[in-house]
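Working notes, beginning with the structure itself.
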Protein chains: 2
Amino acid sequence: MTKKLPKSAISQKRVLDAAAKIFRDYGYAGTTMRTIADEANLKAGSIYYHYKSKDDLISAVLDIGINAVTDRVTEALAALPEDAGGRQRIETAIVAHLSAIIEVGDYTLATRRVFGQVPEAIRAKNTRLRDSYGAIWQKILADAHARGEFRTSANLTLARLFILGALNWTVEWFKPGGRSIEDVAREFASFVLDGLSGRSENAAFPATAAGAGPKRRSARVRAL
Amino acid sequence: MTKKLPKSAISQKRVLDAAAKIFRDYGYAGTTMRTIADEANLKAGSIYYHYKSKDDLISAVLDIGINAVTDRVTEALAALPEDAGGRQRIETAIVAHLSAIIEVGDYTLATRRVFGQVPEAIRAKNTRLRDSYGAIWQKILADAHARGEFRTSANLTLARLFILGALNWTVEWFKPGGRSIEDVAREFASFVLDGLSGRSENAAFPATAAGAGPKRRSARVRAL
DNA sequence: TACATTTTCTAACTAGTGTTAGGTTTTGAA
DNA sequence: TTCAAAACCTAACACTAGTTAGAAAATGTA
């Protein structure tokens, strides 16, 4: 206990939290240094003691958001047993991702609202972080696919975009107090893996698809 | 052809298109009447002949976006045979939804970027439209579920949020010229219905990459 | 042509923006 | 208590925002 933080760090965090909240509500240009200062119980000029510009502030907010998610997911995956299957890894990643973005919801939402409006240089820097995170997912999916856990025709890049898009949308409607985030996460995982019609309530291994590969495509095509 | 539009309508649309594009790039507060005017080859003051305020403009942009999607999906569903199954309805809705949001991409993206920053009254009005659209999806899902096409444990509200979240994210990464929107839509439908591990090998796109050529759109993807 | 209507422009006003320089208070170690 | 460093504040500067009133141009009809 009694972790001794330097005073400046506390103030910085106060400013940062305020900034995330205000950016989330008013967007990049709509956010005023004076409004942030107000939220942090400061005067506008004082912010410049901690951050040297508005761009500096938004940059910090953006990075915190994606880093929180990356760290959480990385840790959760690392805690998994060596021989964990793709299904388990995906479910774990989904739970971790959702927990993280809900927990730092102000930062996540601020990012969503502000990303397209921020100066190019700042966006570029942050995009590198986001791409690294994307790579983590790509690897999970690729590994599972390599093990034959997915149907062979699955497009992994699309799958990743689909999954992350759906997950990130969650901050828009999730309200604490109701259904727990773990519940939501597990239901999501179920969608991702088995779809709506998927019968496997529990089936860990759909050895059906990949292995035996029935070539009767044309018959199926009409069904759509 | 030669539909005779009143001149004012043409000008209005020019202003509207310009507004959508600028709002999309700079957000609500970041967008200047002068910038919009510039894009529409006008002077700032002239906009006020067509719209009585900036709020009036953004409100119009927001409504157009959601209405385009609602109309397109409604038509596509209506064109289906009476006895179409849930699977077909969902796929149809996905294709229509994706086509629409890509086509009016400026409006859709403007909405995404601006929605949280717009005055409460405007947001409320637009939210009503969005809820109506959500109800369409809820009905599709409920009907399919009632017919026993989904696994019994599926949570339909979550499913809807999941699906629409993933679909709406598409505008962020989809770039015309590569994989066709219909391809993407069908792959999405496949995810939604069968999941990643789902056995149904259909995936149904004629000739995987929209032609033999591995055009390999280097999907400039963003992670989050 | 003439002339009323529609459309656009000009020029300005008020209010609020990010940022800064320099002063004031608070803090904590000696 | 002393006093320098850290943290904060005040007041202002240069600039840009949405909006408006009135003049000017474009348009269409008689």
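The sequence lines fix the lettering, A, B, ..., with proteins before strands; numbering per chain opens at 1.
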Rounding to a whole Å, what distance do you find between [X]:[atom1] and [N]:[atom2]?
X: B/Asn41; N: D/dA26; atom1: CG; atom2: P; answer: 15 Å
X: B/Tyr48; N: C/dA12; atom1: OH; atom2: P; answer: 18 Å
X: B/Lys43; N: C/dT7; atom1: NZ; atom2: P; answer: 20 Å
X: B/Tyr49; N: D/dG22; atom1: OH; atom2: C1'; answer: 16 Å
X: B/Ile47; N: C/dT10; atom1: CD1; atom2: C1'; answer: 15 Å
X: B/Met33; N: D/dT19; atom1: CE; atom2: C1'; answer: 8 Å
X: B/Phe23; N: D/dA17; atom1: CZ; atom2: P; answer: 13 Å
X: B/Asp38; N: D/dA17; atom1: CG; atom2: C1'; answer: 15 Å

Any donor-acceptor N/O pair under 3.5 Å between C/dG16 base and A/Arg34 side chain: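 Check fails, no donor-acceptor contact within cut-off.
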
Any idea which of [options] is nearest the [X] side chain?
X: B/Ser46; options: C/dC9, D/dT19, C/dT17; value: C/dC9
X: B/Lys54; options: C/dT8, C/dT19, D/dG18; value: D/dG18
X: B/Arg14; options: C/dT8, D/dT19, C/dT19; value: C/dT8
X: B/His50; options: D/dT19, C/dT8, D/dC8; value: C/dT8

So which one's nearest nucleotide on DNA chain C is more toward 5', A/Thr32 or A/Gly45?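 Looking at the nearest nucleotide for each, A/Thr32 comes out on the 5' side.
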
Are there more than 12 heavy atoms of other residues, nucleotides or ligands under 6.0 Å from atom OH of A/Tyr26?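 12 or below, so no.
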
Do any N or O atoms from the side chain of B/Thr31 and from the backbone of B/Ile22 form a donor-acceptor pair under 3.5 angstrom?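 Indeed, once roles are kept as given, a pair shorter than 3.5 Å links the two residues.
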
Think B/Lys54 forms a cation-pi with B/Phe23, using NZ or CZ under 6.0 Å from the six-ring centre and within 45 degrees of its axis?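 Ring-cation test returns no.
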
Are B/Tyr107 and B/Asp17 close enough that a side-chain donor and a side-chain acceptor fall under 3.5 Å?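 Side-chain D/A pair, B/Tyr107 to B/Asp17: present.
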
Contact class for B/Thr31 (heavy atom, under 4.0 Å): base, sugar-phosphate, or nothing?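 Contact class for B/Thr31: sugar-phosphate only.
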
Reckon A/Ser11 has a side-chain N or O less than 4.0 Å from the OP1 or OP2 of D/dC8?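 Yes.
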
Looking only at the aromatic ring of each residue, does the gap between the centers of B/Phe162 and A/Phe162 stay below 6.0 angstrom?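 They qualify: ring centres under 6.0 Å apart.
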
